[in-house]
Student: 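This structure is in structure tokens; I'll ask about it shortly.
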Amino acid sequence: MAELSSSLLYAAFIIYFIATAVFAVALTVKKSDEATTMNKWGRWGYILSIIGFISQLGYFITRWIASGHAPVSNLFEFTTFFGMMMVLGFIVIYAIYRLNVLGVFAMPVALLVIAYASMFPREIEPLIPALQSNWLKIHVTTAALGEGILAISFVAGLIYLIATINQSKGSKKTGWLEFVLYTLLSTLGFILVSLYFGLTDYQATFNWINENETEAELVYELPAIAGPHEGELLTEDKFGPLFEAPSWMEGIDAPKKLNTFIWSLLSGGMLYGLLRLLLRKRLGAALQPLLKNINTELVDEISYRSVAIGFPVFTLGALVFAMIWAQEAWTRFWGWDPKEVWALITFLFYAAYLHLRLTRDWHGERSAWLCVLGFVIIMFNLIAVNLVIAGLHSYA
Amino acid sequence: MDKIKCECGHLNPYGTILCESCGKPIQEEADHQLLNMRYEGTARRSQTYNTNFVDKTWNFFSSVKVGVWLIVITLIASAIGTIFPQQMYIPQNVNPAAHYENEYGVLGEIYYLLGFHNLYSSWWFVLLLGLIGVSITVASIDRGIPLYRSLKNQRVTKHENFLKRQRMFGTTKRPEDEEQFIEEAIFRLKEKRYKVRREGNNILAEKGRFSRWGPYVNHVGLIIFLLGAMLRIVPGMYIDEDMWVREGETKAVKGTDREYYLKHEQFVLETYDPKEERYSDALNRVGGTVVKNYQSDVVLYKADKKLPGAKPELTEVKEYPIQVNRPLQFDGFSVYQVDYRQEMSEMSFQLQNKETEDAIGEFTVDLQNPKNEYDLGDGNKVILRNYYPDFYFDKERNQPATRTNVPNNPAFIFNMITPETPDGEIAFIGIRQNLDPSGENQYKIAFNGVDTEFITGLTVNRDYTLPIIFVGGIIFMIGVVQGLYWNHRRIWLKLNEEEVWVAAHTNKNWHGIKREVDDVTSKLQLNPAIDQQEKKKER
């Protein structure tokens with residue numbers, strides 16, 4: 001059952017990939033009227049997205065059966081599910097607006113999220129007592145669904161920015177847009193680097209004093225650029241480290257995480273540099289002509305609509321259900337745990353967004369930048385709060 | 001201030017922009033501009049008066065700009081609070097000032113000095129939340145009441161200047177048979193589930209008006225939520241106590257004023273079997289054990305009311321296994337499984353002849369309630385001279401001492417009395433220590449075994465604010481969904497001497513209403529209504 005589950009996830013991944021390509025073709029169809037809204041290619045892209053989603057749903061159900069609990073209990077499972085909810089959000093929004101360009105951007109972002117998820121340990125883990133509750137499935141799935149829908153607003157916002165920002169000369173705006181694209185490339189870079197060194201079975205072991213002030217071994221799966229503070233390399237003939245992680249970095253295996261982070265930035269930088277060399281212009285400028293036929297008003301509306309749909313779902317899942325569960329498991333509905341606080345921050349951020357949009361006319365570009373920032377907050381809560389800030393939610 | 005009488009005869013409050021009834025712009029602007037339909041052009045206090053202190057305060061808090069700033073400041077403050085752990089999450093037995101400095105260096109020191117280690121309970125953070133509460137209240141009253149008045153008073157026949165300056169507007173030549181046209185129009189609009197009203201040659205089709213109340217409903221929910229959270233400081237509303245109960249021990253439940261007692265029968269600590277196939281990979285990777293269950297089997301008793309000091313009579317209420325996620329609940333109280341300790345409970349020893357190591361007798365010391373004397377028969381006995389539950393050697397005073405009353409590291413000074421040594425011999429016994437201070441003892445005490453017991457850590461909680469907070473949360477959710485999942489759409493049709501006019505307005509989601517209006521106009525063979533805002537942009 002566990003094997004079937006992995007195969008289904010793999011299949012879903014491939015199908016999403018094909019769906020992206022099909023949507024991209026749909027966008028380049030010559031007749032400009034048809035290119036942006038549903039055409040034959042767009043219809044196929046949509047059908048493929050749904051098939052991929054069903055396949056991933058199959059993964060979810062079979063893994064549930066295999067593990068005996070809802071597979072949303074660690075970082076791999078949750079992040080995968082988040083990717084799946086992004087696809088679901090896309091399926092819903094596409095059904096309303098039928099905009100092919102949404103598929104061209106939403107599916108790759110979902111793919112990145114799912115690929116990123118698979119970099120975490122994938123074994124089926126037993127549930128610790130704190131997680132043994134029906135609220136696990138209710139709270140986590142609703143929160144992820146809300147975040148998935150909100151992520152679509154990021155995708156629409158990004159499309160809006162690529163389509164409308166003046167690329168005739170470099171500016172602060174083009175700079176930030178390049179930065180957003182670079183961040184996406186860094187995620188891709190991290191995945192590629194991890195895959196490469198995973199396949200070649202790279203391991204370098206260090207002896208160091210860990211965060212609990214005890215001597216321990218730290219195994220790097222990537223060559224050590226940043227080694228542990230006063231660490232000693234035990235494995236012979238291995239690279240590095242070029243420098244040592246500062247001693248004030250806290251958290252479990254902090255130097256290793258810093259190293260991974262540096263690798264992500266470097267590989268993202270290489271990918272970005274390569275693309276810039278090939279294209280001989282800013283990535284935003286290279287992408288812009290592809291989007292020249294789209295209705296930017298509609299894209300703006302989609303980004304807002306995704307927030308309007310996603311915000312209540314997120315609030316219900318990540319705050320209301322979360323509070324009910326926290327009252328049951330931790331004796332208080334609110335305890336200012338970092339994950340809780342960042343859910344509140346996400347809530348406050350989108351609340352501010354809605355106020356600015358509905359009463360102060362923040363439409364178009366300003367609204368789009370906010371949607372990008374909102375996604376950054378969501379990803380920060382998903383990744384950084386689990387990996388960097390230790391708290392009650394560090395299950396992975 | 002005087003009310004303003006519109007040409008349609010309706011009396012509007014001072015400060016009105018668009019007549020509540022017919023929509024005629026009262027304060028004329030250049031008449032080609034689109035109307036600002038926000039809050040229906042009602043007279044809002046904040047937009048009307050700005051002379052004295054009360055006005056200025058009101059206007060400050062009713063501003064959405066101020067509200068958004070408050071939200072953003074709260075957001076940033078909340079984020080700062082997660083940079084380093086809050087004081088409640090650092091070890092409780094350390095000096096916080098030193099802890100932040102040692103763990104996080106200079107930044108930690110600054111963090112502590114600024115009081116960020118208790119950020120969420122600081123006066124300024126609570127004040128921020130309070131200001132948000134005030135802002136929500138004022139802003140809602142300032143907008144909600146005039147909006148309600150206006151939507152209640154709106155009439156079907158609208159002023160021409162109102163219709164023509166709507167964002168969606170279209171004109172067509174007047175049809176031949178006007179009665180048939182109007183009836184068909186009503187039919188087509190009802191088909192789209194609009195509520196249709198007619199006044200002569202005018203039609204108002206409206207749907208989803210209740211979604212306009214969404215923001216006010218959710219704000220009411222938030223206020224109730226915040227008030228509920230504030231009520232916690234009222235004595236008696238909120239009880240939160242920790243208690244430790246040993247296996248076999250019966251204790252009064254804290255916070256219940258000795259009305260309830262709890263007996264801890266047994267503590268259950270289960271771990272996952274590493275051989276269980278589906279989890280074996282993960283368990284191998286972690287390399288340790290993973291806990292499956294923490295459970296205190298307890299019996300809850302109710303005590304009858306007796307005179308203080310007298311021993312209460314206990315009646316059993318129920319037996320219950322308290323697990324994480326499954327608190328014991330009774331009479332508004334919840335008792336949670338939050339922690340456990342394992343302690344040594346008994347130590348057994350043997351009195352031996354030092355040379356031959358022949359056993360003379362055995363005895364067991366209860367580490368919580370040690371006896372003074374252990375009679376081993378035949379004139380042999382052991383007297384417990386001194387007991388150090390948590391032994392250390394106090395170098396300053398040069399004598400043994402104990403850190404706490406918890407038997408973490410028990411040590412004993414025994415006096416061994418046998419028929420041969422009636423004056424007794426002194427022995428010092430600790431974990432892995434067996435001293436003979438005189439060096440001339442004939443007897444010794446040998447360690448024979450240790451028993452441990454579990455002490456469960458429970459939290460007793462009773463929170464009368466929960467129902468209020470819950471109701472606030474539910475109202476908030478209803479309001480948010482009401483406001484965001486529905487739209488308030490209106491379509492006006494007007495037949496005048498020569499033309500049919502179509503105008504439409506929605507509070508949001510223009511894409512949706514455009515599709516509806518396009519469908520209706522095409523079915524009625526009217527020219528499509530034009531989005532005048534887009535048209536303006538193209539120009």
Side-chain angles (χ1 to χ4, degrees), chain A residues 2 66-68 96-97 121 123-133 135 248 250 297-298 301-302 304-305 307-309 311-312 315-316 319-320 323-325 327-338 341-342 344-345 348-349 351-352 354-356 358-360 385 389-392, chain B residues 38 64-65 67-68 71-72 74-75 78-79 81-83 85-86 88-89 103-105 107 119-120 215 229 240 272 276 278-279 281-283 285-286 290-294 323-327 334 336-338 459 461 463 466 469-470 473-474 476-477 480-481 484-485 507-511 534:
Chain A
S67 68
I96 305 175
Y97 293 100
E123 303 100 355
I124 290 175
E125 287 179 37
L127 283 187
I128 58 168
L131 293 180
Q132 294 166 10
S133 165
W135 288 105
W248 48 262
E250 288 289 321
E297 292 262 329
L298 189 60
E301 170 120 357
I302 291 173
Y304 157 65
R305 211 56 203 295
V307 177
I309 297 173
F311 179 73
T315 310
L316 188 68
L319 291 172
V320 176
M323 285 191 213
I324 297 174
W325 189 12
Q327 181 69 33
E328 202 169 282
W330 294 328
T331 81
R332 81 289 180 291
F333 62 89
W334 193 259
W336 300 105
D337 171 70
V341 176
W342 278 93
L344 175 69
I345 290 172
L348 290 174
F349 181 83
L354 287 169
H355 282 94
L356 289 171
L358 293 175
T359 73
R360 299 201 69 83
V385 172
I389 306 174
L392 292 171
Chain B
R38 184 151 299 149
V64 171
K65 202 170 169 181
V68 169
I71 291 176
V72 170
T74 311
L75 184 159
S78 302
T82 63
I83 295 176
Q86 292 288 295
M88 59 191 153
Y89 290 118
E103 292 283 314
Y104 311 108
L107 286 176
L119 187 142
Y120 304 113
D240 187 60
Y272 283 96
E276 197 174 340
R278 56 172 139 182
Y279 302 136
D281 288 349
L283 291 171
R285 180 171 57 81
V286 179
V290 175
V291 175
K292 189 178 188 176
N293 185 22
Y294 300 108
Q323 294 174 317
V324 179
N325 274 309
R326 280 158 201 82
S334 301
Y336 298 84
Q337 181 68 54
V338 290
T459 292
N461 182 285
D463 191 348
L466 285 182
I469 285 170
F470 189 73
I474 296 293
F476 174 78
M477 282 312 304
V480 169
V481 169
L484 288 177
Y485 286 12
N507 62 333
K508 57 184 188 297
N509 187 8
W510 287 90
H511 178 74
E534 269 181 24

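The sequence lines fix the lettering, A, B, ..., with proteins before strands; numbering per chain opens at 1. Heavy atoms only: backbone and side chains are in, while hydrogens, waters and symmetry mates are out.
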Student: Just how far is it from atom CE of A:M323 to atom CD1 of B:I469, taken to the nearest 0.5 Å?
Tutor: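 So the CE of A:M323 and the CD1 of B:I469 are separated by 8.5 Å.
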Student: For B:R38 and A:R360, work out which heavy atoms get closest and say how close.
Tutor: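 Distance-wise, the nearest heavy atoms are NH1-N, 4.4 Å.
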Student: Report which part of A:I324 has an atom under 4.5 Å of a heavy atom belonging to chain B: side chain, backbone, both, or neither.
Tutor: side chain
Student: Identify which of B:Q323, B:E276, B:K292 forms the greatest number of heavy-atom pairs closer than 4.5 Å to chain A.
Tutor: B:K292
Student: Using a 4.5 angstrom heavy-atom cutoff, name the option from A:P312, A:P126, A:A351, A:A352 with the most pairs to chain B.
Tutor: A:P126
Student: Does any backbone or side-chain atom of A:L127 lie under 4.5 Å from a heavy atom of chain B? Answer side chain, backbone, both or neither.
Tutor: both
Student: With only heavy atoms counted, which part of A:E301 is less than 4.5 Å from chain B, the side chain, the backbone, both or neither?
Tutor: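 Only the side chain of A:E301 comes within 4.5 Å of chain B.
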Student: Nearest 0.5 angstrom please: B:Y279 OH to A:E123 CD, how far?
Tutor: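 Result: 13.5 Å between the selected atoms.
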Student: Hey, which of A:T331, A:V341, A:I345 has the most heavy atom pairs under 4.5 Å with chain B?
Tutor: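 Max contact count across the listed options: A:T331.
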Student: Relative to chain A, which segment of B:V338 carries a heavy atom at a distance below 4.5 Å: side chain, backbone, both, or neither?
Tutor: side chain
Student: Could you tell me which of B:A229, B:A282, B:P215 has the largest number of non-hydrogen atom pairs under 4.5 Å with chain A?
Tutor: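 Maximum pair count with chain A is reached by B:A282.
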Student: Any side-chain to backbone donor/acceptor pair from B:Y485 onto A:I309? Under 3.5 Å, distance only.
Tutor: yes
Student: Show the numbers, then the answer: is there a side-chain contact (heavy atoms from CB on, under 4.5 Å) between A:W336 and B:M88?
Tutor: CA-CA 9 Å; A:W336 300 105; B:M88 59 191 153; 3.6 Å; yes
Student: Nearest 0.5 Å, please: how far is CG in B:N325 from CH2 in A:W135?
Tutor: 11.0 Å
Student: Is chain A contacted by the side chain of B:N461, its backbone, both, or neither, given a heavy-atom distance below 4.5 Å?
Tutor: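 Just the side chain, heavy atoms under 4.5 Å.
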Student: Would you mind reporting whether A:I128 and B:V290 have side-chain heavy atoms less than 4.5 Å apart?
Tutor: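 Touching, per the 4.5 Å side-chain cut-off.
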Student: Looking at side-chain heavy atoms only, is the closest gap between B:T74 and A:L348 below 4.5 Å?
Tutor: yes
Student: Which answer fits B:S78, side chain, backbone, both or neither, if we ask what part of it has an atom under 4.5 Å from a heavy atom of chain A?
Tutor: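 Both backbone and side chain of B:S78 come within 4.5 Å of chain A.
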Student: Using a cut-off of under 4.5 Å for heavy-atom pairs, which of B:V291, B:D240, B:N509 has the most such pairs with chain A?
Tutor: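 Of B:V291, B:D240, B:N509, B:N509 has the most heavy-atom pairs under 4.5 Å with chain A.
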Student: Measure distances from A:A2 to the heavy atoms of chain B and classify the residue's part below 4.5 Å as side chain, backbone, both or neither.
Tutor: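 Neither; nothing under 4.5 Å.
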Student: Sort B:L466 into side chain, backbone, both or neither according to what part of it lies under 4.5 angstrom from a heavy atom of chain A.
Tutor: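 Just the side chain, heavy atoms under 4.5 Å.
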Student: Which class fits the ring pair B:H511 and A:Y97: parallel under 30°, tilted 30 to 60°, perpendicular over 60°?
Tutor: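 B:H511 vs A:Y97 ring planes: tilted.
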Student: If you round to the nearest 0.5 Å, how far is CG of A:L358 from NZ of B:K508?
Tutor: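 Reported to 0.5 Å precision, the distance equals 6.5 Å.
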Student: Which atom names give the shortest non-hydrogen contact between B:Y89 and A:G335, and what distance separates them?
Tutor: OH-O, 2.8 Å
Student: To the closest 0.5 Å, what do you measure between CZ (A:F333) and CZ (B:F470)?
Tutor: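 One gets 12.0 Å once the value is rounded to the nearest 0.5 Å.
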Student: Counting only heavy atoms closer than 4.5 Å, note whether B:D463 contacts chain A via side chain, backbone, both or neither.
Tutor: side chain
Student: Applying side-chain contact (heavy atoms from CB on, under 4.5 Å), run through A:T359 and B:V68 and close with a yes or a no.
Tutor: CA-CA 11 Å; A:T359 73; B:V68 169; over 6 Å; no
Student: Looking at every heavy atom in both B:Y336 and A:Q327, which two are closest together, and how far apart are they?
Tutor: OH-O, 2.8 Å
Student: Pick one of side chain, backbone, both or neither for B:Y272, based on which atoms fall under 4.5 Å of a heavy atom in chain A.
Tutor: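 Just the side chain, heavy atoms under 4.5 Å.
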Student: To the nearest 0.5 angstrom, please state how far the CG atom of A:L316 sits from the CD1 atom of B:I474.
Tutor: 8.0 Å
